[in-house]
Amino acid sequence: MATEAHAAEGATGYIIHHLTPLQVGEGFWTLHLDTLFFSAVLGGLFIWFFKMAADKATSGVPGLVQNFAELMIEFVDNQVKDSFHGHSKLIGPLALTIFCWVFLWNFMDLFPVDILPLIGSMMGIEYLRVVPSTDLNATFAMSISVFFLILFYSIKIKGPWGFAKELMFQPFGPWLLPFNLLLKLVEEIAKPISLALRLFGNLYAGELIFILIALLPWYIQPALSFPWAIFHILIITLQAFIFMVLTIVYLSMAHEDH
Amino acid sequence: MSINATLIGQMITFALLVWFTMKYIWPPLFDSLEERKKKIADGLAAAERGQEEILLAEKRAKGVLKEAKEQSTEIVTLAQKRANEIVEESKDNAKKEGERLIVAAKAQIEQEIQQAKEGLRQEVADLALSAAEQILGAEIDQAKHQDIISKVSKQLG
């Protein structure tokens, strides 16, 4: 009994250990160093790759790097053209950054769950949570930035009064003003929350399942983690794609003047 | 799991990434894409234009050939006509020349006949004169009877 309880506690401990970020500070001023570090490194990777392609960009025959970068650009640009009917210098680069960055965050999920924390512990780092998208701070940081952009463009395109009118008088006309306002506020606030929680939830759950698989005997693990990893390749791409497309859609809604 | 200052850090990183992408990554790559699209479109258009030009040139060449053939036929016809004319003209000339020659010959013959007549008349007059001389002897003075002699010789002519 005692050993069993201990084992259960060991498993729980293992899970908790894996899901605890490396942090410094107290209260609100806590910083998750692992999230900051990995997302910055991945952002740097993204920037480095695309800058390399951009520096050598030629309208002649493209190289391998440029080819891939152009593929991504065209892919993102097509998405933007499909749903966004205004002119904006920001939205293309924004969508590209979101897609690539989120994809790279999510990609960290495919590293074996123990390998980076093990390397970390060798270097004296006790806790290490390597997937930035399993940190609500990372997903919310992105979705709140998008939310600010939505507000900014709504006010810029429709004017403060136009935006206020849209909040008050739609969808049911001026006689139901409070109701309209409530509905619209919920709708607007739901955008960043759903964006952030969708990404977080998917990746957190995915990571948790990897951790649970890692708790099983080693000879069962491949049979489970291999299909799950393959399935996860789909999920991480899909989640990055969804985040990007919804951002474009929300921003195009902000640009639409009724 | 709590929201904390990491959020702010992440937002700053995100803003920097977006700014950098917007400034240094998107424009050159996007421009090169657009430029390549334009190049390809231009190339295709040029190829099409070239094809059209070839067709036009072929048509033009056919036209020129046809015109040349027509012209040569015309020239040959003209030349034949001209040749016929020349032949006709020379025939006419020859005919006229022949007639002229005949007329000249006739005139000459006439003249010669006259001369012969003149000669004969003279001879007959001489003969008559000598005969009369012989008949009359020296009685007849040539100078005296000149008038009579010429009268006689005129009657002979």
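Note on naming: letters A, B, ... go to the chains in the order of the sequence lines (proteins, then strands), and numbering restarts at 1 for each one. No experiment lies behind these values; they were computed from the predicted model shown.
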Residue, of B:Phe30, B:Trp26, B:Phe20, that accumulates the most heavy atom pairs under 4.5 Å with chain A: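 Most pairs with chain A among the choices: B:Trp26.
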Proximity breakdown for [X] and chain B, heavy-atom pairs closer than 4.5 Å:
X	answer
A:Trp101	side chain
A:Lys51	both
A:Asp55	neither
A:Thr58	backbone

Measure centre to centre between the rings of [X] and [Y], then say whether the value is under 6.0 Å.
X	Y	value
A:Phe46	A:Phe50	yes
A:Phe68	A:Phe49	yes
A:Phe75	A:Phe99	yes

Chain A contact via B:Lys23 - which portion, at a heavy-atom distance below 4.5 Å: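 Neither part.
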Just give me the residue among [options] that pairs up with chain B most often, heavy atom to heavy atom, under 4.5 Å.
options	value
A:Ile47, A:Thr35, A:Leu94	A:Ile47
A:Pro93, A:Ala40, A:Gly60	A:Pro93
A:Asp77, A:Ile144, A:Leu33	A:Asp77
A:Ser59, A:Ala54, A:Cys100	A:Ser59
A:Ile98, A:Leu90, A:Thr20	A:Leu90

Point-to-point distance, once rounded to the nearest 0.5 Å, from [atom1] of [X] to [atom2] of [Y]:
X	Y	atom1	atom2	answer
B:Lys96	B:Lys91	NZ	NZ	15.0 Å
A:His18	A:Leu212	NE2	CG	11.0 Å
A:Asn202	A:Phe243	CG	CZ	12.5 Å

When you check the side-chain N and O atoms of A:Asp114 and A:Tyr14, is any donor under 3.5 Å from an acceptor?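 Judged by distance alone, the side chains do pair up.
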Between B:Glu67 and B:Lys62, is there a salt bridge with N-O shorter than 4.0 Å?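 Looking at B:Lys62 and B:Glu67, the cut-off is not met.
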